[in-house]
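Below is one structure, written out as structure tokens; comments come after it.
Predicted model only: the values in this text are computed from it and were never measured. Below, chains carry the letters A, B, ... as their sequence lines are ordered, and counting in each starts from 1.
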Number of protein chains: 2
Amino acid sequence: METTDKIRVVEQYVEAFANHDMGIIRHMFAGNATVEDPLGTPAHEGLEAVCAFYEGAMKMNVTLALTGTPRCAGNAVAFPFQAKMANTVIDVIDVFEFNDEGKVVSMKAYWGPENMTS
Amino acid sequence: METTDKIRVVEQYVEAFANHDMGIIRHMFAGNATVEDPLGTPAHEGLEAVCAFYEGAMKMNVTLALTGTPRCAGNAVAFPFQAKMANTVIDVIDVFEFNDEGKVVSMKAYWGPENMTS
């Protein structure tokens, strides 16, 4: 998978939140995708569970703003961003792993209480 | 493992590069640690191989500067930084996973050619 394709997925992910576009989410994740947000909490397993998780986030009007350039390596991309909702901002790093079809098969979000400001 | 302990390890890691202090590196990694830098390249497996890798980096006078706050979640911490050497700067995200003894058992570095500037 080309670096430019990985970065495009990250950009579309930000766009999905901005526009409440679940079509992007449904298209970018693999059928067997897992999402841990944050890491250490029970994973959302499978595309339907993943989509349900993101629908919930979009109902909370979460928006994302990159705070650095995406870093591509191996089958993955890691990127730093701020998630903003109501009066709260969370500094997050997400790691996407891609399968051979270019779909995100694993998403892990790294953040904790100490990364939240309001 | 407490969040403050994870962040302290990140700070010591930066300090190790600044002071060419291999004692910090040897103390922070587990005996069975693996390092992939960048992800997708052959892993350095075991403490001696890990230390040999870092000794090489220190001979190149690499220094690290955090570019955002460490994000702790589950058994891990992810943090964005710049690695600087000679005239080159690389934007990197590292992910450390800790074992039950608080030692780093897995380090994965995310960066690629597009993250290098000179």
Original post:
Is any side-chain heavy atom of Arg71(A) less than 4.5 Å from a side-chain heavy atom of Pro38(B)?
Top reply: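 Heavy-atom side-chain distance check fails, nothing below 4.5 Å.
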**OP:** Please tell me if the side chains of Val95(B) and Tyr110(A) come closer than 4.5 Å, counting only heavy atoms from C-beta onward.
**Re:**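 Yes; the side chains approach each other to less than 4.5 Å.
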Original post:
Are the side chain of Asn75(B) and the backbone of Leu39(A) linked by a donor-acceptor contact shorter than 3.5 Å?
Top reply: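 Side chain of Asn75(B) to backbone of Leu39(A), a donor-acceptor pair under 3.5 Å: no, none is there.
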Subject >> Residue, of Cys72(B), Gly40(B), Gly68(B), that accumulates the most heavy atom pairs under 4.5 Å with chain A >> reply: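 The residue among Cys72(B), Gly40(B), Gly68(B) with the greatest pair count is Cys72(B).
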Original post:
More than 12 foreign heavy atoms under 6.0 Å from NZ of Lys84(B): is that the case here?
Top reply: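 Atom NZ in Lys84(B) is not packed in, count stays at 12 or less.
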**OP:** State whether the number of non-hydrogen atoms from other residues, nucleotides or ligands found under 6.0 Å of Lys6(B) atom NZ is greater than 12.
**Re:**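 Yes, the 6.0 Å shell around NZ holds more than 12 heavy atoms from other groups.
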Original post:
Between Val77(A), Thr41(A), Val92(A), Thr69(A), which has the largest tally of heavy atom pairs under 4.5 Å with chain B?
Top reply: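 Top count of heavy-atom pairs under 4.5 Å with chain B: Val92(A).
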[X] with [Y], same ILVMFWY side-chain cluster at under 4.5 Å:
X	Y	answer
Met107(A)	Leu47(A)	yes
Tyr54(B)	Val105(B)	no
Leu66(A)	Phe79(B)	no
Val62(A)	Met28(A)	yes
Phe96(A)	Phe17(A)	yes

Subject >> Proximal component of Pro113(B), with respect to chain A [non-hydrogen, under 4.5 Å] >> reply: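 It is neither, since no heavy atom gets under 4.5 Å.
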Original post:
Which answer fits Asn115(B), side chain, backbone, both or neither, if we ask what part of it has an atom under 4.5 Å from a heavy atom of chain A?
Top reply: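 Contact with chain A is through the side chain of Asn115(B) alone.
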**OP:** Return the minimal non-hydrogen interatomic distance between Pro80(B) and Ile93(A), and the atom names on each side.
**Re:**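 Taking Pro80(B) first and Ile93(A) second, the nearest heavy atoms are CD-CD1, 3.8 Å.
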Original post:
Roughly how far, to the nearest 0.5 Å, is the CD1 atom of Ile7(A) from the CD atom of Glu114(B)?
Top reply: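 Rounded to the nearest 0.5 Å, the CD-CD1 separation comes out at 5.0 Å.
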